Amino acid sequence: MSIPPAITRTPLADLSETDLTAFLDERRAEYAALKARGLALDLTRGKPSSAQLDLADRLLELPTTTRDRAGADVRNYGGLDGLAELREIFAELLGVEPQQVVCGGNSSLTLMWDVLAYLLLFGAPESTQGWSQDEKVTFVCPVPGYDRHFSMLADFGIEMVTVPMHADGPDVPAVEALVRDDPSVKGMWVVPTYANPSGAVCSQEVAAALASMPTAAPDFRIFWDNAYAFHHLTEEEAKSADILTLSAASGNPNRPLMFASTSKITYAGAGVSVFAASTENRTWYLKHLAMAAIGPDKVNHLRHVEFFGSADGVRDHMRRHREIIAPKFAAVDVALTSALEGLGVAEWTRPTGGYFVNLDVLDGTASRVVQLAKEAGIALTPAGASFPYGQDPRDRNIRLAPTFPSLEQVETAMAGVGTCVALAAAEKLAVGV
Ligand code: PLP
């Protein structure tokens, strides 16, 4: 699908009262027609579609053997750090050493939760006590960000302070100012590659600054959630910043904790997860994990090794995903361009990877847009979901997730979203006239 030529329109804020009223009336009529269609569409969560899951169905016939490369029976207990051959594949993909990697169960979010729980209970190798013994624990949260990161922190009673997320990563001066003098600031989230929801890619320079910045907390941690490391939407494949090497080179080898998974590569509910960190962090993690498990699901590990064959097997597989989902992202852009370009009431990302489009609407109208869409049968992620406690101070941010519905459904839903954004903006501006 090609993108229509830029549309020349007068920004809504510059319209005369008569023209704004006419625009509002047109959008109301368009919205009434939209509602009358009785749609039931869902753009809420970043889930792979059935067609994407089908790509991995050969997994259901694997593994063809019960032995790993070293001859161990994968059906039995043991091998807490995961199958060596799987660790090698992901080490190559993530640009780390196999001995820095642990492979686990199906969810990287669970790994993050576990690591955070260990930190709160026992502290990091260089901590004097579990973080929960401190009066206050604070995390730096780049926004917009991943809602489940924030709800996890809220559940643990960890305070959140926000910093802006830019196209090249978190706002470094803002992060530096927060971590420099306050020892309660123990960590931060970073989704470095094709971030949820902005699609931003953390540059090597930003990563280097985060790796080397002085922190008041000696046990400061960067939760480097590389969930979309290989999820390219174009041929220009972004390379993830090399946080483990940068941190080690800056004398802070234990600062980063890296996470990834195959949730959006093979099966979201039955993939494998990956943890990578310094030797000391890895040993620390496995020591605590050993109290909770005797070994991971190595049958699934072997299944994935046979399925991919190599790191290149993963790369090839991701190109097949791209063929399915890139047209959906293009459809989002076409619909938003056609409905909103030139009106001065919305900005959106054109991500080159990942699972989301970030839509910023006129300040103070995001909740109204989501409500209008809901009443027209189009489910959107709640406004503010990409902010701690679900509170977007400007009420302007909406996360769009186009992968799960069919292309036709994305086209229909996004045309409807365009109508809702324009209507909500015109309503707001008309009040001020
Ligand atoms: N991290 C990010 C940034 C995500 O967007 C998601 C899912 O949307 C996850 C983690 C979930 O990962 P997993 O399925 O491995 O638990």
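For ligands, and for the atoms within them, numbers begin at 1 and follow the listed sequence. As a basis for the values below, the full set of heavy atoms in this structure was taken, side chains included, without hydrogen atoms, waters or symmetry mates. In what follows, residues are counted from 1 in the order of the sequence shown. Everything numeric here is computed off the predicted structure, so don't read it as measured data.
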**Q** Would you give me the side-chain donor-acceptor pairs under 3.5 Å for residues 351-360, sequence neighbours excluded?
**A**
residue : atom : partner : partner atom : Å
Y355    : OH   : Q52     : NE2          : 2.9
N358    : OD1  : N397    : ND2          : 2.8
D360    : OD1  : N397    : ND2          : 2.9

**Q** Measuring from each atom of ligand 1, which residues have a heavy atom under 4.0 Å away?
**A**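 Ligand 1 pocket, heavy atoms under 4.0 Å: S107, S108, L109, Y146, V191, N196, D225, A227, Y228, S261, S263, K264.
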**Q** Side-chain donor-acceptor pairs under 3.5 Å in residues 181-191, sequence neighbours left out?
**A**
residue : atom : partner : partner atom : Å
D182    : OD1  : S184    : N            : 2.8
D182    : OD1  : S184    : OG           : 3.1
D182    : OD2  : S184    : OG           : 3.4
S184    : OG   : T138    : OG1          : 2.9
K186    : NZ   : D219    : OD1          : 2.8
K186    : NZ   : D219    : OD2          : 3.0

**Q** Which residues pass the side chain to side chain donor-acceptor pair (under 3.5 Å) test with R394, sequence neighbours left out?
**A**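 Result, side chain to side chain donor-acceptor pair (under 3.5 Å) vs R394: D363.
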**Q** Determine whether a donor-acceptor pair (N or O, by modelled atom type, separation under 3.5 Å) exists between the side chain of E85 and the backbone of V305.
**A**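 Between the backbone of V305 and the side chain of E85 there is no qualifying donor-acceptor contact (under 3.5 Å).
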**Q** Taking F259 as the fixed residue, which of Y146, F223, W224 is the one that meets the ring-ring contact (aromatic ring centres under 6.0 Å, His included) rule?
**A**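 Among Y146, F223, W224, the one meeting ring-ring contact (aromatic ring centres under 6.0 Å, His included) with F259 is F223.
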**Q** Angle class for the F308/H317 ring planes (parallel below 30°, perpendicular above 60°, tilted otherwise)?
**A**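 The rings of F308 and H317 stand perpendicular, inter-plane angle above 60°.
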